[in-house]
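Reviewing the structure listed below.
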Protein chains: 2
Amino acid sequence: MKPTVHDIARFAGVSLATVDRVLNGRPGVRGVTRDKVEQAIAQLGYVRDLAAANLAKSRTYNLCFILPANDNSFMIRLREEVEEAIARSAVERARIEIVEVPAFDPGALVSAMDEVADRKPDGVALVAIDAPEVRAAADRLRAEGIAVATLVSDVGASSRDHFCGIDNSAAGRTAANLMGRFLSKVDGRVAILAGSLLVRDHRERLEGFLSVLAEDFPRVAILPVIEALDDPAMVEKTVRDALRRHPDLSGIYSLGAGNRGLIRVLKELDPARRPVVIAHELTRSTREALHSDLIDAVLNQDPGHEVRSAVRVLKAKADGLPVLTAQERIRIDIFLKDNLP
Amino acid sequence: MKPTVHDIARFAGVSLATVDRVLNGRPGVRGVTRDKVEQAIAQLGYVRDLAAANLAKSRTYNLCFILPANDNSFMIRLREEVEEAIARSAVERARIEIVEVPAFDPGALVSAMDEVADRKPDGVALVAIDAPEVRAAADRLRAEGIAVATLVSDVGASSRDHFCGIDNSAAGRTAANLMGRFLSKVDGRVAILAGSLLVRDHRERLEGFLSVLAEDFPRVAILPVIEALDDPAMVEKTVRDALRRHPDLSGIYSLGAGNRGLIRVLKELDPARRPVVIAHELTRSTREALHSDLIDAVLNQDPGHEVRSAVRVLKAKADGLPVLTAQERIRIDIFLKDNLP
DNA sequence: AGATTTCTGATTTACGTACCTCAAATTTTG
DNA sequence: CAAAATTTGAGGTACGTAAATCAGAAATCT
């Protein structure tokens with residue numbers, strides 16, 4: 001049978017109280033005694049029964065998610081996933097709160113972070129903007145002992161405890177690889193559509209994309225990057241413009257959101273002359289576009305995984321526990337029309 | 001604060017014992033009373049505290065994994081993952097046992113299943129062979145109240161409780177899509193390499209691959225399927241043969257294991273004339289081959305996810321609980337050299 | 001109506017850990 | 001060496017649920 005604290009106490013020849021002190025790092029145990037207990041733990045292979053421990057502690061974690069008030073499908077999904085986490089929170093011993101801030105606005109994000117800090121939560125997850133003032137605000141949170149996780153988009157590694165998102169550089173490189181191969185022998189022009197280069201995820205995707213394209217597919221020409229703030233209407237307009245100016249456009253890499261606008265334009269094109277299109281995030285619209293051959297590939301990050309991972313990570317960090325890196329890695333899903341879930 | 005059974009009892013005006021009877025489906029409660037209690041549960045939004053329940057029950061699940069004694073990297077990884085699950089089993093209230101059987105041998109699998117049944121475990125996971133006698137053995141297990149999950153390769157849906165693996169038909173279709181596009185304008189000949197068409201996962205991949213190729217890329221010619229029993233040496237030999245007979249071979253889809261043999265042959269080829277190669281399962285050798293451009297894409301299923309999912313599913317089924325389908329879906333990973341983890 | 005069966009209530013113990021108190025034993029310090 | 005400080009032991013309660021017993025109440029049957 002699994003050994004319990006009682007077994008440890010008996011084996012080590014000490015009392016239950018002492019075992020408890022050792023296990024929970026409480027003071028008042030001599031080094032010799034502590035060693036005895038730790039040896040007993042090692043020898044009997046004791047592992048703390050988490051169910052019992054949680055029950056006894058009845059600890060609850062106060063967490064806060066700061067999300068941009070963006071109305072693209074991805075952010076809506078992300079918010080829904082946080083809300084589902086809230087629905088589960090009773091079971092998970094967590095109290096989760098959502099704070100909305102204007103998108104792409106470092107100042108608003110910083111003041112939200114400072115306000116949140118006043119409530120002294122155990123952890124904060126935020127969709128970061130990679131700016132010095134945001135990093136400073138994150139540092140302030142951490143200085144107060146609040147765990148900080150970035151969600152979807154990162155800041156410099158030193159200012160947060162963990163990043164819950166994909167390797168965006170790899171995503172950009174993958175997109176370039178697919179683009180280069182899908183274009184095949186056709187030397188073409190490729191347009192790149194971003195939300196904003198203020199956010200690190202978009203920047204990293206762009207860099208990855210450009211580097212692989214330059215190295216492995218040097219004959220592909222690249223148009224200047226279009227920033228459309230993840231807004232469908234703006235995306236639509238800019239894509240229409242680009243197609244007018246470059247009728248020979250043979251590829252589009254949409255590395256941000258707002259793909260509804262892009263798809264509206266694609267629908268109007270002659271199927272024979274449709275460019276190769278690679279986009280990010282599987283939503284209702286990109287899924288339909290994949291299915292009807294308007295989009296060729298979708299790179300996806302699963303917001304559900306990201307949110308659940310963030311909750312786990314923040315809890316662990318709040319308790320000073322290590323994070324299981326392998327488990328928390330968020331994967332890049334590649335969807336073609338044939339492997340849609 | 002979260003309501004407890006005591007709150008339910010007070011609210012419904014019944015005793016704790018009655019609430020317990022309702023919650024755990026024990027007999028001896030009148031319909032009217034049961035309704036009262038259920039209403040109280042609904043109104044107070046009671047959710048059973050799993051930590052406490054598990055603690056009180058101190059139930060342990062006896063599970064058994066029947067694995068083929070195959071020595072390809074994938075099966076080795078799978079076994080390692082089961083061993084890790086065993087290492088975790090103390091924490092997870094499970095006792096997990098591994099039984100090895102010869103690969104591709106329905107008779108051996110069936111006798112292993114029957115032997116396992118004698119020990120009356122709570123659940124059995126097996127890498128299935130899709131044969132009538134295996135289905136019958138699975139039916140026998142389930143008739144004895146033992147939960148059955150198929151791992152990696154499935155049998156007919158009616159004979160098991162759950163399949164822990166990828167949608168192999170979608171994997172085959174995806175491979176065909178990539179193959180068709182990577183071949184681009186070149187009308188080529190494609191060779192297909194399978195382990196054995198006795199196992200359903202290989203059959204399904206094949207069917208998916210053929211159907212998409214026929215429909216979307218009709219100009220691609222397909223050579224007769226080669227069955228190499230997932231054995232590296234046999235794979236090497238058959239691929240060498242195929243290349244000799246068809247010097248114009250422009251694509252290879254390796255839908256089974258034993259890719260070490262394939263890679264050995266690929267290394268010897270003139271890089272300029274190397275065929276497009278799509279393989280399954282990210283192992284040390286396929287990873288290196290991806291990296292050095294010998295393989296173009298690898299479709300992968302994560303054995304870790306599959307094993308963990310199997311454990312969760314078997315536990316749930318053993319308790320007669322429903323399975324959260326969305327959570328247990330195993331994804332098809334697509335790896336190019338640019339998104340290797 | 002009386003006997004029988006079926007419900008229901010009250011109470012208790014157990015699960016394994018956390019956390020608290022108080023007293024006793026031991027070590028350290030002056 | 002005595003006083004002070006530290007370490008340890010003993011014991012208890014709590015967490016929320018499961019599961020059991022036993023007695024009493026209500027419903028059903030004859």
Side-chain angles (χ1 to χ4, degrees), chain A residues 1-41 44-61 89-94 315 318-321, chain B residues 1-41 44-61 89-94 315 318-321:
Chain A
M1 265 290 84
K2 248 181 75 180
T4 74
V5 275
H6 294 86
D7 300 320
I8 304 298
R10 210 171 328 117
F11 190 90
V14 302
S15 79
L16 215 57
T18 305
V19 175
D20 180 66
R21 289 178 188 118
V22 173
L23 276 176
N24 295 294
R26 276 185 262 278
V29 185
R30 253 186 317 165
V32 225
T33 320
R34 163 162 281 122
D35 287 349
K36 264 198 303 186
V37 174
E38 274 167 358
Q39 220 181 348
I41 290 175
L44 296 184
Y46 168 80
V47 268
R48 180 197 247 101
D49 184 323
L50 258 182
N54 285 337
L55 181 58
K57 275 200 287 241
S58 67
R59 178 187 202 320
T60 60
Y61 300 84
S89 60
V91 191
E92 295 184 349
R93 305 175 183 285
K315 279 186 182 175
D319 286 341
L321 299 176
Chain B
M1 264 291 81
K2 251 181 72 181
T4 74
V5 276
H6 294 88
D7 301 319
I8 303 297
R10 211 174 323 117
F11 190 89
V14 302
S15 79
L16 213 59
T18 305
V19 174
D20 181 66
R21 288 179 188 119
V22 173
L23 276 175
N24 295 292
R26 276 186 263 277
V29 186
R30 253 187 316 167
V32 224
T33 320
R34 162 161 284 122
D35 286 349
K36 263 197 306 187
V37 174
E38 274 167 356
Q39 222 181 345
I41 291 175
L44 296 184
Y46 168 81
V47 268
R48 180 201 248 98
D49 183 322
L50 257 182
N54 283 337
L55 181 58
K57 276 200 287 241
S58 68
R59 179 193 205 314
T60 59
Y61 300 84
S89 61
V91 192
E92 294 182 348
R93 303 172 186 288
K315 279 185 182 175
D319 287 340
L321 299 175

**OP:** Applying side chain to side chain contact (heavy atoms under 4.5 Å, CB included), name anything that partners B:D7, two or more places apart in sequence or on another chain.
**Re:** B:P3, B:T4, B:R10, B:L44
Original post:
Got a second to check how far B:Y61's OH is from B:E92's CD, nearest 0.5 Å?
Top reply: 11.0 Å
**OP:** Quick one: closest heavy-atom pair of A:V37 and A:A12, and the distance?
**Re:** CA-CB, 4.1 Å
Subject >> DNA chain C contacts among residues 16-24 of chain A, heavy-atom distance under 4.0 Å >> reply: A:D20, A:N24
Original post:
5' to 3' on DNA chain C, which nucleotides open and close the contacts with chain A (atom under 4.0 Å from a heavy atom)?
Top reply: C:dG16 to C:dT27
Original post:
Say you draw a straight line from CZ of B:R21 to OG of B:S15; how long is it, rounded to the nearest 0.5 Å?
Top reply: 6.0 Å
**OP:** Enter the distance from A:D319:CG to A:R59:CZ here, rounded to the nearest 0.5 Å.
**Re:** 4.5 Å
Original post:
Does OP1 or OP2 of D:dG16 have a side-chain N or O of B:T4 closer than 4.0 Å?
Top reply: no
Subject >> salt bridge (charged side-chain N to carboxylate O under 4.0 Å, His left out) contacts touching residues 27-40 of chain B (sequence neighbours left out) >> reply: none
**OP:** Please assess B:T33 against B:V22 for the test side-chain contact (heavy atoms from CB on, under 4.5 Å), listing each intermediate value before the final yes or no.
**Re:** CA-CA 9 Å; B:T33 320; B:V22 173; over 6 Å; no
**OP:** Tell me which residues in residues 28-37 of chain B put a heavy atom below 4.0 Å from DNA chain D, sorted by number, or none.
**Re:** B:R30
**OP:** Output the distance between atom NZ (B:K57) and atom CG (B:N24), rounded to the nearest 0.5 Å.
**Re:** 7.0 Å
**OP:** Determine yes or no for a side-chain-to-main-chain donor-acceptor pair under 3.5 angstrom, with A:D20 supplying the side chain and A:L16 the backbone.
**Re:** no
**OP:** Might you point out which heavy atoms bring B:R93 and B:S58 nearest each other, and give the distance in Å?
**Re:** NH1-CA, 4.1 Å
Subject >> CG on B:L23 to OG1 on B:T18, rounded to 0.5 Å >> reply: 11.0 Å
Original post:
What is the distance from CG of B:D7 to P of D:dG16, rounded to the nearest Å?
Top reply: 9 Å
Original post:
Rounded to the nearest Å, what distance is computed from the CZ atom of residue A:R59 to the P atom of nucleotide D:dG16?
Top reply: 16 Å
Original post:
Between atom CG of B:D49 and atom CG of B:N54, what is the distance when rounded to the nearest 0.5 Å?
Top reply: 9.0 Å
**OP:** List in numerical order all residues of residues 46-57 of chain A for which some heavy atom is under 4.0 Å away from an atom belonging to DNA chain D.
**Re:** A:L55, A:A56
